[in-house]
Every structure is written in C-alpha cells, then in structure tokens.
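Quick notes on the structure that follows.
Just so you know, residue 1 is the first one in the sequence shown, and it goes up from there.
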Amino acid sequence: TAVEKWRPRTREVVQKVLASINSAEFDLISEFAGPIPTVVIAEMLGIDPEMHEDFKRWSDVSVKVSFNPFPSEDETRIAENANQSLRNFFTQEIAKRRKLLGDDLLSDMIRAEEAGEKLTEDEIINQCNLLLIAGNVTTTDLIGNGVKALLDNPEQCQRLREHPDLIENAVEEILRYDSPVTNSGRIANRVMEFNGCPVDTGESLSTSLAAANHDDFVYPDPDKFDIEREDTHHQSFGGGRHQCLGAHLARLEAQEAILALLNQYPNLSHGKKGFEYSAIPSFRGMNYFWVGTQ
C-alpha cells in the first residue's frame, strides 16, 4: 500500500524515541507510545522537525479535550487556543506549499484541490486535524494495550521475541483482544430485527466492537490472548464504508514500535508505579503505564 513506504521512516522515529529514554523505569504512554504517532503524522504532513514539539503540544491538548465529555472551563479555553494555533500553523504551511509543493501529504491535498477535486483550505485543515485526532490517541492506545497484553502473558511475549515474524498476527490479535475503540454507532438503512428486537429504518444503533471481538460464537476461547490465533479478524477498524482510513498506518506503527521496544529491553516488565486507564467514553487506553527495563 501507499502507507508501506513510510515504514523505514517510522522505524527511524521509533528508534529516535527509544534513544531519548534513559530511565530504568518509565511511563510507556508519555515517553514512548504517545510521541510516535504524532511525530509520524508530522513527518507525513511534511512539518519542519523544529516545529514537532509545538505541533505535539497543540495536538495533545486538542485531542484530550475533544474526547472529554466534561471539560473544565480552563481545559476548554486551553483547547480553543491550541486549536487556533493549529489552524494558524496549517494556514501558514498551506501558503508555503502553494509556493513550493513537496513530497508530503499536505502537498498532495493541495494538488488534489488544484486538480479540480475542490478541496478548500478549510477542508484541508479539517483533514489535517482529523489525522491528528483520529490517528494519535487510538494508535497510542493500540501500542500501550499491546505491550500490556504481552507483559500480562509472558509466554506470548517470549514467543514473539523468539519469532518476530509473528508481529503482524500479534498486532491483529491485540486489536481483537483489547481494542482501542470499544464502541461505535450505526443508523439502520432498512427494517430489521436483532434477536427479537425490531429496528426501523433510520433508527440509531449503539454497537459494542469490544463485545463483537470477544464473541464466543466466532472466536474459540475469546478471552485468551494468543498471537498465533488462526482467525484474528476483528471489528476494531469497523468495516465496509465505515472502515477506518488510518488502519494501515496504525498497524505499521504498532508493529514497528512493539518489536523495537522488545528488542531494546529484553527484560521489560510491569513497573512499580502501575497503570491507570483513562475515562474517555468509547476509547480504551491508559493515562500512564509504567514499565521497568531491568
């Protein structure tokens, strides 16, 4: 796929993030799983490395409040400022690209606009923000949930260390076993019935992706984490016209991040400071997850 060309650069980003860790115990979320997706997306958009720190700070604040159902006044104000900073930043970046197009995703969106596909500046900015919001928190959670599942199942972790070629299957099993997105919604396009419950056209349905991924009619022993599971299909990226557009990139980042982490730290383990899950509806991930390296 077109995303695959980003694997070498993603690998470099992962190594750079790993090189910045110098503690025997560290928070996997803030120091590893969090920075990787932001930097990769920044690279894809062609953002100057000198701006990565600001870019990450603005995007982190924006994402945090976007998924908080009860933000405080201060959080809302800070997020509004961050959103405005992002908007100003993207406006300037688009202006630069119009003068000199590059080999990056932002330039590609401008080319599409100029080719008559009518992407306005607002639409380009909205697409960039969607990349940040949809691509950051979910991929961070995918990496965090995956490392936790491996540490909780040491025989599986050892199996992956011995057979790194299992990483693709392992990431699919992580997505099935502990999906970073747990719920979704659909609107019925026809009259139907579920287990005796009538559904009319146009009615709203709340669906549990996590429950579907643990359906014992579909998966043998669904609560077992098995990186060699033969059928690892799952609902974590949706499906059909609702298929997640960032699925390939999320997979690639998780594969590279998890393998590199296990390679860097042969004795990786749960840290003494523990972990805490975040309280964001429909998303499953951790605020912090401390791991030890000794």
Can you name the residues that form a side chain to side chain contact (heavy atoms under 4.5 Å, CB included) with [X], not counting sequence neighbours?
{"X": "Val218", "result": "Asp215, His233"}
{"X": "Glu12", "result": "Arg9"}
{"X": "Leu131", "result": "Ile41, Leu45, Leu105"}
{"X": "Asn126", "result": "none"}

Inset, instruction - Would you please test Asn267 and Gln294 for side-chain contact (heavy atoms from CB on, under 4.5 Å) and show each step? - result: CA-CA 6 Å; Asn267 299 313; Gln294 302 298 324; 6.0 Å; no
Determine whether [X] and [Y] make a side-chain contact, defined as any pair of heavy atoms from C-beta on separated by less than 4.5 Å.
{"X": "Glu121", "Y": "Ile124", "value": "no"}
{"X": "Lys272", "Y": "Trp290", "value": "no"}
{"X": "Leu160", "Y": "Gln156", "value": "no"}
{"X": "Val291", "Y": "Ser269", "value": "no"}
{"X": "Asp54", "Y": "Met51", "value": "yes"}
{"X": "Asn129", "Y": "Ile125", "value": "yes"}

Would you call [X]-[Y] a salt bridge at under 4.0 Å N-O?
{"X": "Glu172", "Y": "Arg229", "value": "no"}
{"X": "Asp226", "Y": "Arg176", "value": "no"}
{"X": "Glu228", "Y": "Arg159", "value": "yes"}
{"X": "Glu256", "Y": "Arg7", "value": "yes"}

[atom1] of [X] to [atom2] of [Y]: how many Å apart, nearest 0.5 Å?
{"X": "Leu209", "Y": "His214", "atom1": "CG", "atom2": "NE2", "answer": "11.5 Å"}
{"X": "Ile227", "Y": "Ile167", "atom1": "CD1", "atom2": "CD1", "answer": "8.0 Å"}
{"X": "Leu249", "Y": "Thr139", "atom1": "CG", "atom2": "OG1", "answer": "6.5 Å"}
{"X": "Leu175", "Y": "His234", "atom1": "CG", "atom2": "NE2", "answer": "4.0 Å"}
{"X": "Cys128", "Y": "Arg87", "atom1": "SG", "atom2": "CZ", "answer": "11.0 Å"}
{"X": "Met286", "Y": "Ile29", "atom1": "CE", "atom2": "CD1", "answer": "4.5 Å"}

[X]: partners by ring-ring contact (aromatic ring centres under 6.0 Å, His included), with sequence neighbours left out:
{"X": "His52", "result": "none"}
{"X": "His163", "result": "none"}
{"X": "Phe32", "result": "none"}

Inset, instruction - Could you note down all residue pairs passing salt bridge (Lys or Arg N to Asp or Glu O under 4.0 Å) where residues 279-294 supplies at least one of them, sequence neighbours left out? - result: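 Listed once each, the pairs are Asp178-Arg284.
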Inset, instruction - Would you list the pairs meeting salt bridge (Lys or Arg N to Asp or Glu O under 4.0 Å) in which at least one residue belongs to residues 70-79, sequence neighbours left out? - result: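 Salt bridge (Lys or Arg N to Asp or Glu O under 4.0 Å) check on residues 70-79 returns Asp74-Arg77.
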Quick one: do [X] and [Y] end up in the same hydrophobic cluster if we chain Ile, Leu, Val, Met, Phe, Trp and Tyr together by side-chain heavy atoms under 4.5 Å apart?
{"X": "Tyr288", "Y": "Val147", "value": "no"}
{"X": "Leu28", "Y": "Phe275", "value": "yes"}
{"X": "Leu166", "Y": "Tyr177", "value": "yes"}
{"X": "Tyr219", "Y": "Val171", "value": "no"}
{"X": "Val14", "Y": "Tyr265", "value": "yes"}

Legend entry - Other cluster members, Phe70 - Ile/Leu/Val/Met/Phe/Trp/Tyr, side-chain contacts below 4.5 Å: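 Besides Phe70, the hydrophobic cluster comprises nothing; the residue is isolated.
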Inset, instruction - Run through the side-chain heavy atoms of Ile, Leu, Val, Met, Phe, Trp and Tyr, join any pair under 4.5 Å, and report what else lands in Ile78's cluster. - result: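 In the cluster with Ile78 are Val61.
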Side-chain donor-acceptor pairs under 3.5 Å in residues 180-194, sequence neighbours left out?
{"from": "Thr182", "atom 1": "OG1", "to": "Ser282", "atom 2": "O", "distance (Å)": "3.3"}
{"from": "Ser184", "atom 1": "OG", "to": "Arg186", "atom 2": "NH1", "distance (Å)": "3.0"}

Would you say [Y] and [X] are linked by a side-chain donor-acceptor pair, where the criterion is simply a distance under 3.5 Å?
{"X": "Asn287", "Y": "Glu276", "value": "yes"}
{"X": "Asn88", "Y": "Gln84", "value": "yes"}
{"X": "Thr138", "Y": "Asp141", "value": "no"}

Legend entry - His270/Phe289 aromatic ring centres below 6.0 Å: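 Under 6.0 Å, so yes.
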Heavy-atom closest pair, residues [X] and [Y]:
{"X": "Gly285", "Y": "Asn145", "answer": "CA-OD1, 4.0 Å"}
{"X": "Val17", "Y": "Glu31", "answer": "CG1-O, 3.3 Å"}
{"X": "Thr140", "Y": "Pro37", "answer": "OG1-CG, 3.7 Å"}
{"X": "Ser107", "Y": "Gly102", "answer": "OG-N, 2.8 Å"}
{"X": "Gly144", "Y": "Ala33", "answer": "N-CB, 4.3 Å"}
{"X": "Asn83", "Y": "Ser62", "answer": "OD1-OG, 2.7 Å"}

Inset, instruction - Go through the steps to decide whether Val40 and Glu43 satisfy the test side-chain contact (heavy atoms from CB on, under 4.5 Å), and finish with yes or no. - result: CA-CA 5 Å; Val40 170; Glu43 293 270 354; 5.6 Å; no
Legend entry - Geometric class of the Phe55/Phe90 ring pair [parallel <30°, tilted 30-60°, perpendicular >60°]: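 Perpendicular, since the angle between the ring planes exceeds 60°.
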Inset, instruction - Please answer whether the main-chain N or O of Leu259 pairs with a side-chain N or O of Asn263 as donor and acceptor at a distance below 3.5 Å. - result: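 Checked: no pair found.
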Inset, instruction - For the pair Arg97 and Asp104, evaluate salt bridge (charged side-chain N to carboxylate O under 4.0 Å, His left out) and give the outcome as yes or no after the intermediate values. - result: CA-CA 10 Å; Arg97 299 303 190 289; Asp104 56 69; 3.2 Å; yes
Legend entry - Neighbour count >12 (heavy atoms, 6.0 Å) for atom CG, Asp103: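 Atom CG in Asp103 is not packed in, count stays at 12 or less.
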Legend entry - Residue Glu230 excluded, over 12 heavy atoms near CD under 6.0 Å: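 At most 12 heavy atoms, drawn from other residues, nucleotides or ligands, come within 6.0 Å of this atom.
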Legend entry - Leu268 vs Leu150, side-chain contact (heavy atoms from CB on, under 4.5 Å): CA-CA, chis, key distance, verdict: CA-CA 10 Å; Leu268 193 71; Leu150 287 163; over 6 Å; no
